[in-house]
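A short write-up of the structure that comes next.
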Protein chains: 2
Amino acid sequence: MESIFKKKKMSATPFRNEVLAIFNKYNSAIPLSIIEDELKSHNRITLYRTIKIFLEKGIIHEINLNGESSNYALCKEECGDNHNHQHIHFKCSICSQVTCVDIDRFPKITLPNFKIDQLEIQANGLCEKCNN
Amino acid sequence: MESIFKKKKMSATPFRNEVLAIFNKYNSAIPLSIIEDELKSHNRITLYRTIKIFLEKGIIHEINLNGESSNYALCKEECGDNHNHQHIHFKCSICSQVTCVDIDRFPKITLPNFKIDQLEIQANGLCEKCNN
DNA sequence: TTTAAAAATGCAACAATGTTGCAATTAATT
DNA sequence: AATTAATTGCAACATTGTTGCATTTTTAAA
């Protein structure tokens, strides 16, 4: 299996491998603070640049929920250039985890006179684990 | 007509009136930078506190789109404590305006094993004005 | 209308977050 | 192995947001 960095024509550096490994370790979306904690030596500047490049290259996507710092999660293979994921971003009000949840029928929305290119759906409530 | 500040049991200060007037002047959601520009004398600290209180009291709501600073827009009368607006947040890719667009049938989404309390829908594309 | 209590404001100082230029280092290419 | 291209890390800075506290303004009460 080919490295994602080679596929995206990016240099495969130890730092990037470490960040990627952290994303793989988590099943949920994570904020920068978690990545910093997990990194052996965390250089804020390099991390910011790494995140920015991962976003540009479509390795991760950004999730902005109200009143929170950004979260980041790995993109699916199928994710095109416009990050058109067929999932919703779910924030559990108990465990606070942000997860990408696949959904069977992604809603279609039409607005008179508008042209909708992209939809982003966010939900709050109780996640699988906390809703029992 | 009773002042919104009286209704919300808040002091009606000149600063708050000025900020409220700015919100009323715009039909769209606006970032802090626009409010600062419009204010006669803009004290950053007071503005931050004003915005925070407006949010808490349900006078405005926050809109966080990916890769942008927060936007703020007036709440509708019917908006309850949980800011459960029946509208979507639309960002035009040409004019960049963020608007709250009412929608007839707000989609219902169910996820097995999850309990969804609140939905937030964001859309990108061309707005009424730019889509012609 | 004056007074007392409560709330909001503004300054200073700080904390957190994010960016840029540039030299040194590391990775990829030949 | 050598050259080129890209990445890293430091320093310095810019932006964004917060807190304590004294002053001022608003509101409520007499």
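Residue numbers start from 1 in every chain, and the chains themselves are labelled A, B, ... in the order their sequence lines are given, proteins ahead of strands. As the structure is a prediction and not an experimental result, all values here were calculated from the model.
At whole-Å resolution of the value, NZ in A/Lys9 and P in C/dT29 are 11 Å apart. Protein atom OH of A/Tyr48 is 17 Å distant from nucleotide atom C1' of D/dT8, rounded to whole Å. Look at NZ on A/Lys40: it is 12 Å from P on D/dG9, rounded to the nearest Å. Per the geometry, NE2 belonging to B/His42 stands 14 Å off P belonging to D/dG17, to the nearest Å. When rounded to the nearest whole Å, the span between CZ of A/Arg44 and C1' of D/dT15 equals 12 Å. The CZ-C1' distance, from A/Arg16 to D/dG9, rounds to 14 Å in whole Å. D/dA6 atom C1' lies 15 Å from atom CZ of A/Phe15, rounded to whole Å. When rounded to the nearest whole Å, the span between CG of B/Asn43 and C1' of D/dT24 equals 13 Å.
Phosphate contact (OP1/OP2 of C/dT19, side-chain N/O of A/Lys52, threshold under 4.0 Å): present. Between A/Arg49 and the phosphate of D/dT7, there is no side-chain N or O to OP1/OP2 separation shorter than 4.0 Å. OP1 or OP2 of D/dG9 sits under 4.0 Å from a side-chain N or O of A/Thr46. Phosphate proximity of C/dT9 to B/Thr13: present, with a side-chain N or O under 4.0 Å from OP1 or OP2.
With hydrogens and angles ignored, the 3.5 Å screen pairs a side-chain donor or acceptor of B/Glu18 with a backbone N or O of B/Lys40.
For the residue pair A/Asn66 and B/Asn64, a side-chain donor N or O sits within less than 3.5 Å of a side-chain acceptor on the partner.
Considering only heavy atoms from C-beta on, B/Asn71 stays 4.5 Å or farther from B/His89 through its side chain.
Each of A/Thr50 and B/Ser69 was matched to the nucleotide of DNA chain D holding its nearest heavy atom; the match closer to the 5' end belongs to A/Thr50. The residue among B/Ser70 and B/Lys6 whose nearest nucleotide of DNA chain D is located toward the 5' end is B/Ser70.
Rounded to the nearest 0.5 Å, atoms SG (A/Cys75) and NE2 (A/His87) are 8.0 Å apart.
The side chain of A/Pro14 sits closest to C/dA27 out of C/dA27, C/dA12, D/dC10.
Among the atoms of the strands shown, only primed sugar atoms or phosphate atoms (P, OP1, OP2) are found under 4.0 Å from some heavy atom of B/Leu32.
Using a 30° and 60° split on the angle between ring planes, B/Phe114 and A/Phe90 fall in the perpendicular class, above 60°.
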